[in-house]
Amino acid sequence: MVCRFSTKLLNICIASLCKVGQLEKAEAVVIDGIRLGLLPDVVTYNTLLSAYSRFVGIDAAYSVIHRMKEAGISPDVITYNSLIAAATKRCLLSRSLDLFEEMLRTGIRPDVWSYNSLMHCFFKLGKPDEANRVFQDIILTNLLPSSSTFNIMINGLCNNGYTGYALSLYRYLQRQGFVPELVTYNILINGLCKSRKLNAARRILRELGESGNVPDAITYTTVMKCCFRSRQFEQGFEIFSEMKSKGYAFDAFSYCAVIAALTKTGRLEEANDIMEQMARSDIDLDIVSYNTVMNLYCRNGKLEATYKLLDEIEEHGLECDEYTHTILIDGLCKAGNVEGALRHLKNMTKMGFDSTLVAQNCVIDGLCKVGRLDHAIKMFASMEVKDSFTYSSMVHNLCKARRYRHASRLLLACLRGGMKILRANQRSVIDGLCYSGYTSEARRLKSKIRLAKILHY
DNA sequence: ATAGGGTTAG
C-alpha cells in the first residue's frame, strides 16, 4: 500500500521533469525509485513515452513501449493514444493506422481520444469521407465527443476543401450549445482565408472579439498571413507592428510569415533586420525558418552565404526539403547560373522528391531570361505536370520574343486545362497578334478565351 | 494525450 502511494509520488516527480524536457533527470529518478523498491507502473512509462515523442522523436517513444513490455507492463489506451497522436502529427499516417489496428487486436478499447486521432489521420490522408465515418461513429455510439472532436472535424473539412460544410457544422454545433474555443476561431479564420472567403473570415474574427476570448499569437499570424495572401501587404505589416506593441512573443511562425512577405515585396533591408532579430532570439530554427532565411539570402544575391546555410542545416541535424532545393535552384537562376540550376534540378530528381514542379518552373523562367527560349520550350514539352505558373512563364517569354502564335496556343491549352493565367499575359498575346497583323487570329483567341471561361465557370 | 498559424516560381 505504501509502495503504491510512493510510486504515485514518484510519477508526479517524473512528470514535472518530463514537462520541461529533463529526460535524463527523469530517467535517473526512475532508477532511484527502482533502487528503493518502487517499480515503475504504466503511468510512469506513459509519461516517459509522451516526453520522448515530444522532445526526441517517435522512435524514442517506440523504444519506451519495448521497455514497458520487457518490464512486464502492458500498454494501455493512453499509451496507444500518445503514440497514435505523435505519428499523426508527424504525418506517419500508415503508422497511426497500424497502431490503431494493433490496439484493437490487443483488446484495448479505443476511447474518444483514439477516435479523434483516427479522424485527424484520415483528414491528413485526404480521406474526408473516412474521417466523417469515424465522426458518425463517435456521435452514434455512446462515446462522448470532446470539443477537440469538433475542432478536428471543422479543421479537417476546411483543409479538404469543404469550408462551406465546416461553417455549417460550426453553426449547427453552436445552436446545439457548443461553445467555440479560441482554437475553433483560429481554425475557421484560417480555413476561410485560404479559400478566399474573406467576408466570412471577418465575421468570425468579429465573433471571436465578441466571445470574450483574447486573440493569441496564432490568431495574429493567421490574419497577417491572410493579408499577405490577398496582397494587402501594408495591412499585414501593420498587424505585425500591432503584435509587437501589444507585447506578443514572436515565434518562428510569425517571423517567417513577415520575413517572407518583406522579401517578396523587395523590402530587403527590413527583411534582413527582422531576420537578425529572429536569429538573435532563442528560437530554434527549423527547416521552414532556414528556408525563409535562405530565400532572403538568395534575394540579397548572397549565394556564398546560402551554401553556408546548407551546411548549417546539416550540422543541426535537419533535413533539406523540397522548398530548400527549390529556393536554391531559383537563387541560382536569378544569379544567372542556369547551368548550376539545371544540375541541381537533376540532383533533386535523383534524390526522389515527388514534386519538382516549382523548381522546374523556376528553371524554365531562368532559361528564358538568359535567352535560351528554345531550351525552355523543349523542357516545357517534356514536363508531365504543368501548372498556371509554367504556362504563364512560357506565354510571357514567347510574347517577349514576339512568337505570338506559339504563345496563343499555350494560352489556350492552359485555359482548357482549367488553369488561370494572369490577365496581363492574356493581354500581351492578343495585343501582340493584332500588332503583328494576325487580327482575325486575335479575334478567334478572344472568343475561345471567353468560351473556356464559361466552361470552367 | 488530441486540434490551429510560418517557407518556393509567373
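The chains referred to below are lettered A, B, ... by the order of the sequence lines, with proteins before strands, and numbering in each begins at 1.
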Could you state the CG-P distance from A/Asn11 to B/dA1, rounded to the nearest angstrom?
12 Å
Mind running side-chain contact (heavy atoms from CB on, under 4.5 Å) on A/Ile364 and A/Met383 for me, showing each step along the way?
CA-CA 11 Å; A/Ile364 290 237; A/Met383 287 170 67; 3.9 Å; yes
Counting only side-chain heavy atoms from C-beta out, which of B/dG6, B/dA3, B/dA9 sits nearest to A/Phe389?
B/dA9
If you look at every strand shown and take non-hydrogen atoms under 4.0 Å, does A/Ser289 touch a base, only sugar-phosphate, or nothing?
base
Using a cut-off of 4.0 Å on non-hydrogen atoms, how would the nucleic acid contact of A/Ser50 be classed: base, sugar-phosphate, or nothing?
sugar-phosphate
Selected nucleotide, minimal atom distance to A/Asn190 side chain, candidates B/dT7, B/dG5, B/dG6
B/dG5
Classify the side chain of A/Thr390 versus the base of B/dG10 as yes if they form a donor-acceptor pair under 3.5 Å and no if they do not.
no
At less than 3.5 Å, do the side-chain atoms of A/Thr221 and the base atoms of B/dG5 form a donor-acceptor pair?
yes
For A/Arg229, report the nucleic acid contact type (base, sugar-phosphate, nothing); a contact means any heavy atom under 4.0 Å.
sugar-phosphate
Would you indicate what A/Ala252 reaches in the nucleic acid, counting non-hydrogen atoms under 4.0 angstrom: base, sugar-phosphate, or nothing?
base
Picking from B/dG5, B/dA9, B/dA1, which would you name as closest to the side chain of A/Asn361?
B/dA9
Could you check which of B/dA1, B/dT7, B/dG10 has an atom nearest any side-chain atom of A/Ser392?
B/dG10
So with a 6.0 Å cut-off around CZ of A/Arg90, is the heavy-atom count from everything else above 12?
yes
Scan A/Phe100, A/Tyr80, A/Phe122, A/Phe135 and name whichever one has a ring-ring contact (aromatic ring centres under 6.0 Å, His included) with A/Tyr115.
A/Phe100
Categorize A/Ala217 for me: base, sugar-phosphate, or nothing, with a 4.0 angstrom heavy-atom threshold over every strand shown.
base
Please give, in whole Å, the distance from B/dA1 P to A/Arg90 CZ?
14 Å
Could you check whether A/Glu181 gets within reach of a base, just the sugar-phosphate, or nothing at all, counting any heavy atom under 4.0 Å?
base
Using whole Å, what does the distance between atom C1' of nucleotide B/dT2 and atom OH of A/Tyr80 come to?
18 Å
What is the distance, to the nearest angstrom, from the CG atom on A/Leu182 to the P atom on B/dG5?
13 Å
With sugar-phosphate meaning primed atoms plus P, OP1 and OP2, does A/Ser388 contact a base, only sugar-phosphate, or nothing at under 4.0 Å between heavy atoms?
base
Which part of the nucleic acid, if any, lies within reach of A/Lys124 when heavy atoms closer than 4.0 Å are counted: base, sugar-phosphate only, or nothing?
nothing
Counting heavy atoms from C-beta on, name the nucleotide in B/dG10, B/dA3, B/dA1 closest to the side chain of A/Asn151.
B/dA3
Is the ring of A/Tyr220 stacked on the base of B/dG5, with centres less than 5.5 Å apart and planes under 30° off?
no
If you check every side-chain atom of A/Val288, which of B/dT2, B/dG10, B/dG6 has the closest atom?
B/dG6
Nearest-Å distance for atom pair CE/C1', residues A/Met278 and B/dG6
10 Å
Would you say A/Lys386 places a side-chain N or O within less than 4.0 Å of OP1 or OP2 belonging to B/dG10?
no
Quick one: A/His344 NE2 to B/dA9 P, roughly how many Å, whole number?
16 Å
When we call it a touch if two heavy atoms are under 4.0 Å apart, what does A/Asn81 touch: a base, just sugar-phosphate, or nothing?
base
Of the listed nucleotides (B/dG5, B/dG6, B/dA9), which one gets closest to any side-chain atom of A/Cys256?
B/dG6
Identify whether any heavy atom of A/Asn295 sits under 4.0 Å from a base atom; if not, whether one sits that close to sugar-phosphate; answer base, sugar-phosphate or nothing.
sugar-phosphate
Mind checking if A/Asn397 touches a base, just sugar-phosphate, or nothing, with heavy atoms under 4.0 Å?
nothing
Touch check for A/Asp76, heavy atoms < 4.0 angstrom, all strands: base, sugar-phosphate only, or nothing?
nothing
Of the nucleotides B/dA3, B/dT7, B/dT2, which one has an atom closest to the side chain of A/Ser146?
B/dT2
If you draw a 6.0 Å radius around OH in A/Tyr162, do more than 12 non-hydrogen atoms from other residues or ligands fall strictly inside?
no
Take A/Arg423 and A/Gln426 through the side-chain hydrogen bond (donor to acceptor under 3.5 Å, both in side chains) test and state the conclusion after the steps.
CA-CA 5 Å; A/Arg423 256 302 217 286; A/Gln426 301 182 24; 5.0 Å; no
With a 3.5 Å cut-off and no angle check, do the side chains of A/Asp365 and A/Ser393 form a donor-acceptor pair?
yes
Contacts table for residues 149-157 of chain A: side-chain donor-acceptor under 3.5 angstrom, sequence neighbours left out:
residue  : atom : partner  : partner atom : Å
A/Thr149 : OG1  : A/Asn116 : OD1          : 2.9
A/Thr149 : OG1  : A/Ser146 : N            : 2.9
A/Thr149 : OG1  : A/Ser146 : O            : 3.1
A/Thr149 : OG1  : A/Ser146 : OG           : 3.2
A/Asn151 : OD1  : A/Thr184 : OG1          : 2.8
A/Asn151 : ND2  : A/Ser147 : O            : 3.4
A/Asn151 : ND2  : A/Glu181 : OE1          : 2.9

Tell me what A/Asp251 touches on the nucleic acid: a base, only sugar-phosphate, or nothing, going by heavy atoms under 4.0 Å.
base
Which part of the nucleic acid does A/Thr222 contact within heavy-atom distance under 4.0 Å: base, sugar-phosphate only, or nothing?
sugar-phosphate
Under 3.5 Å donor-acceptor pair, A/Thr326 side-chain atoms to B/dT8 base atoms:
yes
A/Thr292 and A/Asn295, any side-chain heavy atoms less than 4.5 Å apart
no
Can you tell me how far P of B/dA1 sits from CG of A/Leu48, to the nearest Å?
11 Å
Mind calculating the distance between NZ (A/Lys225) and C1' (B/dT7) to the nearest angstrom?
8 Å
